[in-house]
Amino acid sequence: MVETRSLATTDPFSATAAGAVWLNHAWGFELLLYGVYVLAGLMGVIVLQGLVVAATFGVLYGLLRTEGVGQGWSLGLLSLGALATHGFWAPRPQLVTYLLLAVFARTIADYQAGRQNRLWWLPILTALWANLHAGFLAGPGLIALCAAGELLGWALDDNAGRVGGLARARTLASWAAVSTIASLANPFHYRALLYPFEIMGDRLSQAWIVEWLPPPFGHPQVLVLELFLGLMLLLALGTARPVPWRDLVVLLPMVHLGLHATRNTPLLVIVATPILGRTVASFAGAQWGRLPRFGRQAAVVGALGLLVSACGLVAGSREPARVWNAFRPVFGVAAHAFPVGAADFLSREGRRGTLWNEYVWGGYLIWRLYPDLRVSIDGRTAVYGPERFREHLAVVELEPDWQTVLGRLAPDAAIVRSRSPLVAALRASGWVVRFEDDVATVLDPPGRNG
Amino acid sequence: MTAGRAARGALWAATLLLVATIALSSLTVFDFWWYLASGQLILATRSVPATDPFSYTALGRPWINHMWATQVLFTVLWEHGGRLALIGLKTAAVVATFAVILATMRMRGVHPLLAAAGALLAAWTGAEFWHARPQTFTYLFIVILVWLLRPGWDGRRATLVLVPALVVAWVNLHAGFVMAFLVIGIAGLGTALPLLVDRAQRGAGWRILALTGLLGATAVVASLLNPFGVRAILYPIEMVSSVPFMTSTIEWFPPNFHHGGFFALELMLLLLFPAFAWGRDRLSAVDVGLILVFAHLGLTAVRHAPLFAVVAAPPLTDALQGAMGTWRRVDWTSVREAVRRRLPSIGPALTAPGAPLLAGAALLLAAMSGYWTAMGLAPTNPLRLDLDESRYPGRTMAFIRENRLPPPLFSVYAWGGYELWRLYPEYRMFIDGRTHVYGRDVLRDFLDVTNVAPRWQGVLDKWHVQTILALRASPLTATLLAQGGWRLVFTEGEAVVFVRETDANQPLLTRLARKSREDGSGGVEATARGTTPGAETVPVALTPGRSHRPAGETL
C-alpha cells in the first residue's frame, strides 16, 4: 500500500489466487503496523501490542471499579481473564477489536447504570473500527444484545431490574442501528458488512482452521476459561439479587461463541468480565461481609489453592510440560513456530517462482519471500475461496487425488512441516529434499536440478 | 386412577417411547465386535483370560478385562437372538435410565411437561452414545446411584446395602464403576457442608461425613469382587493418566460444538446460567457439585457427555422450573374461563386438568410415528444398520481369509474389533479398541505407521508386517502407492489391502494378479486406475461428532 499509494483490491501475493478479489478489511491496521515497524522495528510492534493489551485491561479495570468491585477482586478477575486469553494478544487486527469491544462494554455499562450517556461515541468508533478489522460488527452486535437484554429484563426481571428497561432498550436499539450504518464508512461499503458472514459461512475453513475450532477443553489454558465460567455459576448462587436477565441475555450468546471457536475466547472474556464483576460485587455484598476476617483470608487462600491444585492435578499430572508450554511467554518471531531456516535457505538460494506451503506459514512466507516466491495459500481464506482451500486440504491430507492437485499447481518448491506424512509421501514420489530442520522441510519436484 | 395421573402416565409413556426411538437411532460403534470374540472365548474356556490372546503385539501381556460380564451377556444374546436381541437390550437399558430420571424429577416436584422436555433434551444430548456397549450400563447405574443418594439417604438403611450391591454388578460390567466413588463423595460432602457451616448442626455434619466414609469404604470393598481384584480399581486411573491414550483416542477428545450432535449438550450447558441465577433455591449443594463436576467431565471428553446429561437433567429441570416461577404469573384460571366462554363446545375438554399433558403425549407420539414412517423404507433406517456387518468391510475380511494373505497383518484401528471377530484365530491383531492392553510403545508404533512418521518403515519391519489393511483415503495408502514395495491386492469401499512385495510372497501376488485378470474382481487392475470397485461399504464413523486435534493423525 505504501509503495503503490493505493489499496489493492485483488490478490498480488499468491500463485493460486492471483487477481482474485481481495477485500482487505484490515487495511488501516496493516498501515499502522507497518508504520510502527518502519519507525521502531519488531520491538516497536511488540510495544504497540503491549500498549493495546494494557489499554484493554485498563478499560476493563476501570469498569470493574466503577461497578463497585473491590480492588482485589478486580485484579483477580482480570488476572484470570488474562490467563484465559494468553496467546491471543498477538499483533493482529483482532487487537483493535478487543480494545474497542472493551470500550463499547464500558460505554454501554455507564449508560445502563445511569452514570454517563456517551453512546454517541459508538457510531464514530464503529466507523473507525470498520477500517481496522472485520470484527467491527461485534460493536453494533453488543449494543443490540444489550438492547435485547434490557427488553427481556423489563419483561422478566424483578421490580428493581425493570425500571426504565423499555426506554433503555429503545435507545440502545437506535444506537445499534446508527452504528451499523456508520460501519459503511469504509472502502468496501456494504461488502465489508457481508464479509464476516461469508467467513463464518465457509464450513470448510471453519472445520479445519484451528482458531475456528472449539476450545480444547482439558488444555490447562482452557481450564482457566472453564474456571472463569464456573466461578460465574457458583457466585450466581449467592448474590444479593439474582443475576439480572439483561446480563444473561448478553452472556449466553458470548458463551455460545466461546464454545464454538477458540478465537472468540477474548470476546467472551471481555464481555463477560463486567458481568462477572457485577456478580462478584453483589455476591460480596451479600455473603462476603458475613464472614469474619480470618474466614475471608481462608477463602482467598483456599480459592488460590484450589486453582493451583486444579491446574496442577488435571493438566500437570498428565504432562507437566503442557502447563509451562501453555502459559510461557514468547517474544518476537518464534523460531519454533515459523519456518525461519527454510525461508532463509530459499532467500539465500535466490529462488523465484511458486511455492506449495503449509496454511499457517503463508503470511510469514509472503513477508519473507514475496515477490520472488508466491505462496499457494495463506490466512486470507476469503481470497482463496472454498475450492482452493479444498485443494490445499487434498494435498495436506493426502487424499486420493493429492498428486493430481499438486501436479496442477506445479509449484517450483514445497515447504512442508518436517514431521508431516506429506514429507514421506513427497519423498516417495520422487521429490528431493533441499533443506531440512526441526520445523520445515524444503523439497523440489522431481526433475528439478539442485 | 385419577384423570390427572392417567394423563401424566400417558405423557411419560410417550416420553419413554421417544427416548427409545432416540436410543434405537444411535448406531453402535466399532468396539462392539471384539466383545463378541472375547465373550465367545470366555464361554468356551469357562474362564476370564488374564493375558491378551488376540494380538501379536501384546500377546501374553496383562489384560484387565473389566467388562467381561457384559461381553458374556452380549455373546449369549447374540447367539440366541442375534443383533435384534442386543438392540433390544441397549434400548431397554436406556429407557430404564430415563425412567429413573423421570422418577427423580417427579420426586423433586417438576411439572410433567417440563420433566418430559428435560428428559428428551438429555436423551438428545447423549443421542450418539446410546450404543450396545458396556457404557450403557454405567449410564443406568449412575442414575440409580443418584436416586439412592437422594436427600435423606443418610437416614435410609437400604442405601448402605443397595449401593455396595450396585457396585458389585457395576465393577464386572464396566470400568465406569469408579464414578460411584465420585458420586458418593459429592453426595456426602454436599450433604455435610451446609450442616458443618452451621454451628448448631455441626455434629450432624460430622456424622454424615463419617457415614460417607463408611459408604465409600463399603463401595471400595464391594468393587474388589471382580476377577482382577484391586487392579480393576487402578485400571481406570492408569488409563486416564496415559498421555498417548488420552491424546489419540477420539472419544476422549473434547466435544466439537460445530457438530450438530453436540447442539443439545451446548443447550444444556447454556441453560445452567439461568438455572443457577433464577432457580438457585431449588438447587442443593449436592446438585451443584454433581452438575459442575459432570459438566467439566463432559467438556473434557465427549464420552462423558451422556453422563453429564443423565446426572444434570433432574436438578437442571427443577431449577429451570424455579426460574420460570419468578416470572410474572399468568392467571390461568381466567385464561381457562375465557376459553370455555369462547369455545363452549370444546372448551371444557381443552381446559380439563390433564389436557395439556395429553396434548403433550399426543404430540410426542405423532413426532415418533412420523419419524418411523419416514424411516420405514429409508436406507438409513437405524433398525437395519445398527450392529449390521454391512457397515464393515466384510468382503475384505473374506478376501484376506480365503486367499490366506500372509500374516502379520497391520490394520485400521476402527476396524480392529471387527477384524478380531472375523479373522481370529487365523490372524492376530496389531491393535484394536483395547488400547490399554497394548501400552504406549505399541500405540506409538501404530500411530507412526498410520501417520507415516519418519520411522514408519522401521516399525513395519520390526513387527515383520506382511499385509496391510488401510483406509483408501489416508496418508499411509498414498505413501504405499507412491513408494512401491507393497502391492495393492484388494479394495472395497473405504478399505484397501496391500501385501509386501518379497520373494516369499511372490507366488501369492502372481496368483492374485492372475485371478484378478481372469474374473475382473477386486484389486490390482481396477485400483491402478484409481477406482474403487466392489461393494458399497458405509464408512465406519470413527467418532460420534468429529472432534479435532491441531495436528497429527488420531485413532
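Reckoned from all heavy atoms, side chains included, excluding hydrogens, waters and symmetry mates. Below, chains carry the letters A, B, ... as their sequence lines are ordered, and counting in each starts from 1. A quick note: this is a predicted structure, and the numbers were derived from the prediction, not measured.
- Under a 3.5 Å cut-off, the side chain of Thr279(A) and the backbone N or O of Leu235(A) do not form any donor-acceptor pair.
- Annotation: maximal heavy-atom pairing with chain B below 4.5 Å, among Val423(A), Val243(A), Leu259(A), occurs at Leu259(A).
- Side chain of Glu501(B) to backbone of Gly484(B): no donor-acceptor contact under 3.5 angstrom is found.
- In this structure a side-chain-to-backbone donor-acceptor pair under 3.5 Å is present from Asp437(A) to Ala440(A).
- Looking at Leu480(B), there are no atoms closer than 4.5 Å to chain A (heavy atoms on both sides), in backbone or side chain.
- Contacts of Pro274(B) with chain A are made by both backbone and side-chain atoms, with heavy-atom separations under 4.5 Å.
- Heavy atoms closer than 4.5 Å to chain B are found in both the backbone and the side chain of Leu237(A).
- Per-residue counts of heavy-atom pairs under 4.5 Å with chain A were compared for Val452(B), Leu299(B), Leu476(B); the largest is that of Leu299(B).
- The backbone N or O of Ala337(A) sits less than 3.5 Å from a side-chain atom of Trp361(A), completing a donor-acceptor pair.
- For a residue to count as touching a neighbouring chain, one of its non-hydrogen atoms must lie under 4.5 Å from one of that chain's; by this rule Ser474(B) touches chain A with the backbone only.
- Between Trp208(A) and His392(A), the gap from one ring centroid to the other reaches at least 6.0 Å.
- Leu272(B) touches chain A through backbone and side chain together, each having a heavy atom under 4.5 Å away.
- The choice from Gln403(A), Arg203(A), His256(A) that makes the most heavy-atom pairs within less than 4.5 Å of chain B is His256(A).
- Taking the six-membered ring where tryptophan is involved, the planes of His258(B) and His260(A) are essentially parallel, since the angle between them stays under 30° and well short of 60°.
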